[in-house]
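Here's the structure, in structure tokens; my notes come after.
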Amino acid sequence: MEASPQLVEYFRTQMRTDPDMASAVAAIRTLLEFLRRDKGETILGLRESLKWATDCLTEVDSSVAVSSGGELFLRFISLTSLEHQDLSRCKKVMEERGELFLEKISLSRTKVAKLCHTFIKDGAKILTHSSSRVVLRVLEKAAAEKKRFTVYVTESQPDTAGKQMADALRRLNVPVTVVLDAAVGYVLEKVDLVIVGAEGVVESGGIINKIGTYQMAVCSKAHNKPFYVVAESFKFVRLYPLNQQDVPDRFKYKADTLRTVSDLSDEHPMIDYTPPSLITLLFTDLGVLTPSAVSDELIKLYL
Amino acid sequence: MADCGEPDGPGNKDDIARSKNEGKELTKEEKQRLRKQKKQQKKHKERKNEKGPSETEKDETPVSLLPPPPPVATQKAPSALPAPASAPIPVPASAPFHSSPAPSPADKPAKSKAELKAERRARQETDRAAKQPGSSSSGIKTKVPLSELNPVVKRLPEHVQVDDPAVVKRLAKKLERQQIPLRSDYGYKVSLFSHLHQYSRKAPLTQLLSIPSTVIHPSIVRLGLQYSQGIVAGSNARSVALLHAFKQVIRDYTTPPNEELSRDLVNKLKPYISFLNQCRPLSASMGNAIKYIKKEISNIPSQCKEEEAKTKLLKCIDRYIEEKIVLAAKAISKYAIEKISDGDVILVYGCSSLVNHILCEAFEKSRKFRVIVVDSRPRLEGREALRRLVQRGISCTYVLISALSYILPEVSKVFLGAHALLANGYVMSRVGTSQIALVARTFNVPVLVCCETYKFCERVQTDSFVSNELDDPDDLMVTRKGKTQLENWQDVSSLGLLNLVYDVTPPDFVDLVITDLGMIPCTSVPVVLRVKNLDQ
């Protein structure tokens with residue numbers, strides 16, 4: 001229980017060593033390590049401490065993905081009954097399953113890229129929002145398939161993450177233009193499709209993503225352009241927001257903001273919620289899903 | 001299903017094709033055919049050498065008895081029927097559209113006595129087996145899916161067809177057999193809804209019953225009267241009352257000699273269900289409850305003693321009520337309270353016991369919100385909801401449905417109850433609900449439907465016409481300042497009064513459905529049904 005600073009340090013190291021890794025994957029790796037080092041005596045105690053560890057990690061990085069990844073990890077390792085009498089054998093089984101889970105999800109981005117790149121036709125003009133590693137992987141795969149396309153990236157204030165995306169794409173020799181967040185409506189008549197990543201996929205089939213995604217979705221609906229979302233399956237989370245205000249505060253703001261600032265009404269939220277009616281398709285490692293199929297998958301995963 | 005050994009013959013092939021196209025009605029047709037065959041055999045035995053007019057005559061009666069096949073899917077017959085059907089049973093041209101009946105009667109004299117005996121025995125086997133899973137479905141409208149031999153494929157409820165005289169005749173015959181009086185329709189029906197029943201509250205079915213009624217248990221008679229007069233209303237209340245009445249029936253039941261409880265009790269329940277159906281059409285929740293009871297009854301092992309079986313059944317019913325209604329309400333309030341935040345203005349429509357429960361629980365958990373109750377004529381159920389909420393101390397506003405678009409800009413959420421959730425995601429609820437959902441969607445107000453899983457129905461419906469309930473049209477008459485408007489509406493030949501009870505809301509207007517399994521989008525209802533089937 002006292003290993004909290006060690007936990008956080010391990011997590012941060014993971015994030016630093018592999019910047020391409022999703023924060024949820026880093027969190028799960030940390031949880032696995034925590035499981036290995038845990039000296040608990042009971043299964044229930046083990047669960048409790050894992051839950052506590054997940055909470056610690058969400059305090060460090062308040063993204064939806066970390067919370068959903070943690071919960072899924074917990075479910076995955078304890079899904080079937082652990083009939084072994086011996087605690088250490090149980091732990092070993094859990095560790096093995098944890099490794100399996102980690103292996104599966106490390107491959108998920110590749111699976112998504114394989115599914116999605118076929119939707120990018122030669123000569124396509126793509127609009128994307130902010131910086132998403134999954135979208136980058138998809139575009140990499142499409143470029144590797146010798147497809148020619150141009151990309152428009154929004155600048156995505158307040159952290160101008162879009163510029164990083166643009167740099168990465170330039171390295172792939174993809175013609176890219178950075179546009180203002182306010183210019184989304186302006187540029188939409190030129191593009192053929194919109195691809196965005198997601199921080200979390202909610203039960204209704206909607207997504208939680210960087211602020212500005214909702215706007216983009218509404219505009220693409222108005223222009224009748226397909227709006228695709230690429231997300232790994234560990235981002236499926238058991239939330240059901242009805243509107244923007246219904247998203248819990250702990251996801252809306254960065255972790256340090258939540259800790260330091262007392263009155264959140266002055267702070268600007270970092271994420272927004274896009275309802276399922278605006279999304280055309282979701283590309284996940286479970287397959288290409290329509291928003292209504294997400295609930296089906298979630299029921300399978302969680303129930 | 002159609003290849004389950006149907007006796008051949010051109011008429012049958014067409015029948016099969018027709019029923020395949022219209023959705024499988026094989027067992028009923030099968031049973032009809034077998035009954036006809038029985039009749040045929042009897043008549044044939046009497047008048048073996050006579051052919052001609054008598055046979056065309058007897059072929060006509062079976063023809064008129066055959067109903068136009070409503071869309072019913074069933075699969076229980078095949079397992080029971082292959083053996084007898086494989087015997088060469090001659091079948092009359094049973095469909096009214098088909099070729100002359102002449103060829104088949106011509107076959108009959110060729111049969112030997114032994115063959116006839118074998119056929120009769122086989123037919124008796126079939127009849128007994130067919131009766132077992134519950135064959136009272138030959139009525140027009142049974143929203144009651146019956147216990148099946150094969151539990152995976154559900155039997156879909158049939159549709160009412162009052163404007164089809166053949167169907168009406170069949171229903172009359174069936175009720176006569178069960179010794180239940182037929183309730184007659186009342187008043188002029190609007191043409192779009194002429195296929196539904198329209199009864200008058202002033203002529204309850206119980207007036208036509210003899211006293212004491214030997215066929216129907218008194219608690220069922222009382223229940224039927226309570227339904228038809230509207231004393232017990234609301235789908236949860238009706239289901240619970242039904243289950244309590246059935247408990248009383250089971251307590252008073254004694255197995256007759258040489259009969260098995262599991263089979264006989266189910267047969268005893270059939271006339272009760274027909275009776276209740278005549279008093280007021282069964283709701284989806286009642287249908288599911290009846291299905292459950294029948295399944296439990298038929299699963300009683302034959303070596304079980306009567307007292308034991310009865311206590312087991314009573315316990316099952318209690319558990320069903322406890323799990324599916326009481327605990328489900330608790331689970332739903334737990335999820336729903338997460339969605340109620342401080343400062344909310346919640347709109348509710350009519351009186352749903354579940355929504356009222358949720359609001360009272362939320363108020364107890366000290367959420368600050370106020371409620372707008374929307375009400376509509378002629379039932380004015382919102383007044384009851386208003387009474388209950390105000391008693392708890394919740395601040396409420398009361399409007400009629402015509403003021404909906406006026407009041408909606410103030411509303412932050414809409415909570416609706418449901419009568420049933422259909423398999424394609426449509427919500428069937430009190431008339432006016434779809435209007436509220438539509439206007440709320442236009443104002444971008446989230447619409448939440450609260451529904452227990454036992455109200456989930458396998459039926460698919462996209463409009464409110466095909467299956468609905470018509471209430472007493474006299475309810476629309478209103479007396480103000482001593483003058484009754486529409487008093488003599490029956491005299492005006494071009495005037496029809498329409499008092500609809502239910503309507504159907506498409507899933508695009510509903511944002512969230514809260515069930516005891518959790519919060520799901522409206523399109524995931526078939527997933528829940530599938531999961532539930534796997535559990536059972």
Side-chain angles (χ1 to χ4, degrees), chain A residues 67-68 71-72 75 79 200-208 214-215 217-218 221-222 229 236-252 264-265 269 272-282 286-287 289-303, chain B residues 331-332 334-347 411-416 423-426 437 440-450 453 456 506-535:
Chain A
S67 137
S68 74
E71 202 184 323
L72 275 169
R75 283 204 143 253
L79 200 54
V201 178
V202 295
E203 274 190 74
S204 58
I207 59 164
I208 293 186
Y214 178 51
Q215 225 156 270
V218 173
K221 183 83 176 194
V229 172
F236 282 24
V237 67
R238 292 220 76 180
L239 265 183
Y240 204 126
L242 295 169
N243 45 28
Q244 305 298 337
Q245 273 152 329
D246 221 10
V247 181
D249 277 342
R250 65 179 194 275
F251 296 136
K252 273 198 208 164
L264 286 169
S265 59
D272 62 19
Y273 164 65
T274 306
S277 48
L278 301 172
I279 300 174
T280 322
L281 284 177
L282 285 114
L286 300 167
L289 306 171
T290 58
S292 28
V294 169
S295 169
D296 197 347
E297 294 295 327
L298 267 169
I299 291 179
K300 274 197 251 174
L301 276 175
Y302 277 99
L303 274 178
Chain B
I332 293 177
K334 191 171 69 105
Y335 290 118
I337 286 173
E338 288 169 30
K339 288 292 168 205
I340 299 178
S341 25
D342 287 340
D344 260 347
V345 178
I346 298 178
L347 186 131
V411 174
S412 61
K413 291 193 177 72
V414 177
F415 271 77
L416 298 171
N424 57 348
Y426 280 66
R441 161 66 77 206
T442 331
F443 280 88
N444 259 330
V445 174
V447 174
L448 286 77
V449 170
C450 310
T453 45
F456 282 25
D508 330 323
F509 297 153
V510 177
D511 289 295
L512 172 60
V513 175
I514 310 182
T515 67
D516 36 313
L517 289 178
M519 297 192 271
I520 57 172
C522 220
T523 44
S524 289
V525 169
V527 178
V528 172
L529 283 168
R530 194 178 65 213
V531 167
K532 263 188 357 148
N533 286 347
L534 291 176
D535 285 341

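Throughout, protein chains are lettered first and strands after them, A, B, ... in sequence-line order, and every chain is numbered starting at 1. Nothing here was measured: the structure is a model prediction, and the numbers come from that model.
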Can you find a pair of side-chain heavy atoms, one from B/Thr523 and one from A/Ser295, that are under 4.5 Å apart?
->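 Side-chain contact under 4.5 Å: no.
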Do any of residues 334-343 of chain B come closer than 4.5 Å to chain A, heavy atom to heavy atom, and if so which ones, in number order?
->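 Within residues 334-343 of chain B, the residues under 4.5 Å from chain A are B/Lys339.
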Report the option among B/Asn444, B/Asp511, B/Leu512, B/Asp508 that has the most heavy-atom pairs separated by less than 4.5 Å from atoms of chain A.
->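 Of the candidates given, the most pairs with chain A belong to B/Leu512.
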Minimal non-hydrogen separation, A/Ser292 against B/Ser524, with atom names |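 Nearest heavy atoms, A/Ser292 then B/Ser524: O-OG, 4.2 Å.
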A/Glu203 and B/Met519: which non-hydrogen atoms are nearest, and at how many Å?
->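 A/Glu203 and B/Met519 have their closest heavy atoms at OE1-O, 2.7 Å.
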Side chain, backbone, both or neither: which part of A/Pro241 has a non-hydrogen atom closer than 4.5 Å to chain B?
->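 Only the backbone of A/Pro241 comes within 4.5 Å of chain B.
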Answer yes or no: is there an ion pair linking B/Lys413 with A/Asp246, defined by an N-O contact shorter than 4.0 Å?
->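 Salt bridge flag = no for A/Asp246 with B/Lys413.
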Neighbour count above 12 (heavy atom, 6.0 Å) for B/Phe509 CZ |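 Yes, the 6.0 Å shell around CZ holds more than 12 heavy atoms from other groups.
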Might you confirm whether atom CD of A/Gln244 has over 12 heavy atoms from other residues, nucleotides or ligands at distances under 6.0 Å?
->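 Count over threshold, so yes.
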Side chain / backbone / both / neither for B/Pro446 at chain A, heavy atoms under 4.5 Å =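 Contact with chain A: side chain only.
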